[in-house]
J.: 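Pasting a structure here, questions to come.
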2 protein chains.
Amino acid sequence: MTLNVAAVTVDLVLLTIRQGTLQVLLVRRGIEPYLSRWALPGGFVHDDEDLDAAAIRELREETGVDSSAGHLEQLATYGAPGRDPRGRVITVAYLALLPDLPAPVAGSDAAHAEWRPVDEPELAFDHDRILADGVERARAKLEYTPLATAFCAREFTVADLRGVYETVWRTKLDPRNFHRKVTTAEGFVEPTGHSVTRDRGRPAQLFRRGPATLLHPPLLRP
Amino acid sequence: MTLNVAAVTVDLVLLTIRQGTLQVLLVRRGIEPYLSRWALPGGFVHDDEDLDAAAIRELREETGVDSSAGHLEQLATYGAPGRDPRGRVITVAYLALLPDLPAPVAGSDAAHAEWRPVDEPELAFDHDRILADGVERARAKLEYTPLATAFCAREFTVADLRGVYETVWRTKLDPRNFHRKVTTAEGFVEPTGHSVTRDRGRPAQLFRRGPATLLHPPLLRP
DNA sequence: ACATTAAGCGTCATGTTGACGATAATAGCC
DNA sequence: GGCTATTATCGTCAACATGACGCTTAATGT
């Protein structure tokens, strides 16, 4: 038999959409191992702290964002024996979907943090794998939950929402069919009554997210 | 700052269908805390062991079943500070969907193990919550994956498969529409050429699981 | 032989999807 | 102002999927 104890960390896969691409918040490592490599932000779980609480705390430390803004959920746990050369480390990864933050990353730890495209390879530790799992989870969840709205501001247009799907899925969707599906799916979005002109073209209605937690029927990937 | 270390365990939510009900493998605790209460089987992760490997080992120890028989996946991780009065314990829960085992539970640890209906309440620790999460995951996964076949023997009839859905979802499904959906869904099941007479009635064709990992279109809950 | 049971095929009205035409409402340009 | 480019939104239609349910087939039990 053996020790059975390990260090426990929470790492975050923070996803957002900037400049039309899916991006993830990464930090540059300042210490060995993997010195100066990009890595997912994260830290140790405190002694009296629940895992969710640790994730919420890290999210605030890294982005200054309150967890109510976007969406935060547990992703998976990684604990292969050799994944950190310093010793046994169990990492509980969390996935967050966030709107493009209007306030720049102001927090203290965030000094070294930067948004990078998700296809950035060569992360420290097994973070490539964790990131890939997070992106795949996000892609799958857009199908049968209204979570795409977590990437949007509080009020958004149907085109904004379509942009989220197109970016995350890397596809083009028919604007007319997408509009029909989104507005007829029970509880997905509800109109605010306002409208805006985005760039060119006819002004669009503004929506906010509806009460549904599951999409009926789902929006399946093409 | 604090210690940041914790004991790490792997607990299993082993689900199967017996006597027409969804059942979970539980063990009676022989020590404090929660003495003589039902609990999920599990144990410590060894020092040089990956989490998945620990889950596979526990599965074999508890049931004698090779992990290739059914389906095993990571469920979620639980680490609230007070969840084990003896100290900080992080539990990585795994979910397994297993066929009704022809070989009785023969393993050593399995002496105290017993299949119980999943609505059995009052488990030790936070195991009620873990079990509920596992059952909900199973229910959801039947919709868009072919995992219902994991509850069946290697060869099964459409009626067997329908029984799985009806038991897990607690609904009745129309046999004719179900038959059509299952046999037309690409890669869900493939005929073996054999057939059997189960009890009364016309003999049914035998199928094995097909190559699909995702159901297109999905089988949505009524 | 006949009733009973369950498998598997067929039908039909309704709902959903994908492809794409048509119209509406704005900005920019002349 | 009038024209054009651009985007939002509505509408149409054929193909496909779904739910309700009738019918035939091939077993078992009496």
Side-chain angles (χ1 to χ4, degrees), chain A residues 20 142-144 146 148 152-153 155-167 169 171-208 212 214-222, chain B residues 20 142-144 146 148 152-153 155-167 169 171-208 212 214-222:
Chain A
L142 292 206
E143 291 196 311
Y144 50 92
C152 298
E155 300 200 345
F156 52 86
T157 68
V158 175
D160 293 338
L161 197 57
R162 176 162 49 85
V164 170
Y165 278 92
E166 292 182 336
T167 303
W169 285 351
T171 50
K172 281 291 170 193
L173 300 172
D174 184 284
R176 296 155 293 188
N177 294 335
F178 183 83
H179 187 279
R180 179 181 56 194
K181 282 221 67 162
V182 163
T183 52
T184 60
E186 191 72 23
F188 192 177
V189 298
E190 39 193 40
T192 63
H194 314 138
S195 67
V196 281
T197 304
R198 273 278 187 266
D199 188 22
R200 288 177 291 272
R202 174 174 170 176
Q205 289 182 65
L206 283 170
F207 294 84
R208 71 173 73 85
L214 240 49
L215 291 186
H216 283 295
L219 251 146
L220 300 176
R221 269 180 274 193
Chain B
L142 293 205
E143 292 197 310
Y144 50 93
C152 298
E155 299 200 346
F156 52 87
T157 68
V158 176
D160 293 338
L161 196 57
R162 178 162 49 85
V164 170
Y165 277 92
E166 292 182 335
T167 302
W169 285 350
T171 50
K172 282 291 169 195
L173 299 173
D174 184 284
R176 297 155 291 187
N177 293 336
F178 183 83
H179 187 279
R180 179 182 55 194
K181 282 222 65 163
V182 163
T183 51
T184 59
E186 190 72 23
F188 191 177
V189 297
E190 38 193 40
T192 63
H194 313 139
S195 66
V196 283
T197 303
R198 274 278 187 265
D199 188 22
R200 287 179 291 274
R202 175 175 171 175
Q205 287 181 65
L206 284 170
F207 294 85
R208 71 173 71 86
L214 240 47
L215 291 186
H216 281 296
L219 252 146
L220 301 177
R221 266 180 276 192

J.: What's the CG-P distance between A:Leu206 and C:dA25, to the nearest Å?
T.: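 About 17 Å, once rounded to whole Å.
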
J.: What pair of heavy atoms forms the shortest contact from A:Leu215 to A:Pro146, and how long is it?
T.: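 Closest approach of A:Leu215 to A:Pro146, heavy atoms only: CG-N, 3.9 Å.
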
J.: Measure from the side chain of B:Ala204, starting at C-beta and using heavy atoms only, and say which of C:dC20, C:dG8, C:dT26 lies closest.
T.: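 Closest of the options to the side chain of B:Ala204: C:dG8.
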
J.: Please round to the nearest 0.5 Å and tell me the distance separating atom CG of A:Asp174 and atom CZ of A:Arg180.
T.: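 Nearest 0.5 Å value for the CG-CZ distance: 8.5 Å.
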
J.: Closest-nucleotide mapping onto DNA chain D: is B:Asn177 or B:Pro203 further toward the 5' terminus? I mean the 5' end.
T.: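 So the residue in question is B:Asn177.
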
J.: Given atom CZ of A:Arg198 and atom P of C:dA27, what is their separation to the nearest angstrom?
T.: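 Going from CZ in A:Arg198 over to P in C:dA27 covers 14 Å.
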
J.: When the distance from CG of A:Asp199 to C1' of C:dA25 is rounded to whole Å, what number comes out?
T.: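 After rounding, the gap between these two atoms is 15 Å.
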
J.: Which residues within residues 178-186 of chain A lie with some heavy atom under 4.0 Å of an atom in DNA chain D?
T.: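 Heavy-atom cutoff 4.0 Å gives A:His179, A:Arg180.
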
J.: Look at the side chain of B:Glu143 and the backbone N and O of B:Pro218, then say whether any donor-acceptor pair between them is shorter than 3.5 Å.
T.: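 No, B:Glu143 side chain to B:Pro218 backbone: no donor-acceptor pair under 3.5 Å.
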
J.: Going 5' to 3' along DNA chain D, between which two nucleotides do contacts with chain A fall, using a heavy-atom cut-off of 4.0 Å?
T.: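 Extent of the interface on DNA chain D: D:dT6 to D:dT12.
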
J.: Quickly, which of B:Trp169, B:Phe188, B:Tyr165 forms a ring pair (Phe, Tyr, Trp, His ring centres under 6.0 Å) with B:Phe178? Name it, please.
T.: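 The passing option is B:Tyr165.
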
J.: Measure the distance from CG on B:Leu161 to P on C:dG8 and round it to the nearest whole Å.
T.: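 Taking CG of B:Leu161 and P of C:dG8, I get 12 Å after rounding.
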
J.: Look at the side chain of A:Arg176 against the base of C:dG21 and say whether a donor-acceptor pair falls under 3.5 Å; ignore hydrogens and angles.
T.: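 It does, because a donor-acceptor pair links the side chain of A:Arg176 to the base of C:dG21 below 3.5 Å.
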
J.: Taking CZ from A:Arg200 and P from C:dA24, how many angstroms apart are they, rounded to a whole number?
T.: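 One finds 22 Å between P of C:dA24 and CZ of A:Arg200, rounded.
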
J.: Report yes or no: does B:Glu186 contribute a side-chain atom to a donor-acceptor pair with the main-chain N or O of B:Ala212 at less than 3.5 Å?
T.: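 No; judged by distance alone, with no hydrogens or angles, the pair does not exist.
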
J.: Let me know, please, whether A:Pro222 or B:Phe207 comes out on the 5' side of the other along DNA chain C by nearest nucleotide.
T.: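 Of the two residues, B:Phe207 wins.
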
J.: Given the rule in the side-chain contact (heavy atoms from CB on, under 4.5 Å) test, do B:Val182 and B:Arg162 qualify, once you have shown the distances and angles that lead to the verdict?
T.: CA-CA 9 Å; B:Val182 163; B:Arg162 178 162 49 85; over 6 Å; no

J.: If you define the side chain from C-beta out and look only at heavy atoms, does anything of A:Lys181 sit under 4.5 Å from A:Pro217?
T.: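 Side chain of A:Lys181 against side chain of A:Pro217, heavy atoms only: contact under 4.5 Å found.
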
J.: B:Arg162 has a side chain; which of C:dA7, C:dT5, C:dG18 sits nearest to it?
T.: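 Out of C:dA7, C:dT5, C:dG18, the nucleotide with an atom closest to B:Arg162's side chain is C:dA7.
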
J.: Which of these nucleotides, C:dT16, C:dA24, C:dG8, is closest to any side-chain atom of B:Arg202?
T.: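 For the B:Arg202 side chain, the nearest candidate turns out to be C:dG8.
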
J.: I'd like to know if the side chain of B:Thr192 and the backbone of B:Leu206 have a donor-acceptor N/O pair within less than 3.5 Å.
T.: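 Yes.
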
J.: For A:Gln205 and C:dA25, what is the distance between atoms CD and P respectively, to the nearest whole Å?
T.: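 To the nearest whole Å, that distance equals 12 Å.
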
J.: Checking side-chain contact (heavy atoms from CB on, under 4.5 Å) for the pair A:Val158/A:Val189: CA distance, chi angles, key distance, verdict?
T.: CA-CA 9 Å; A:Val158 175; A:Val189 298; 5.8 Å; no

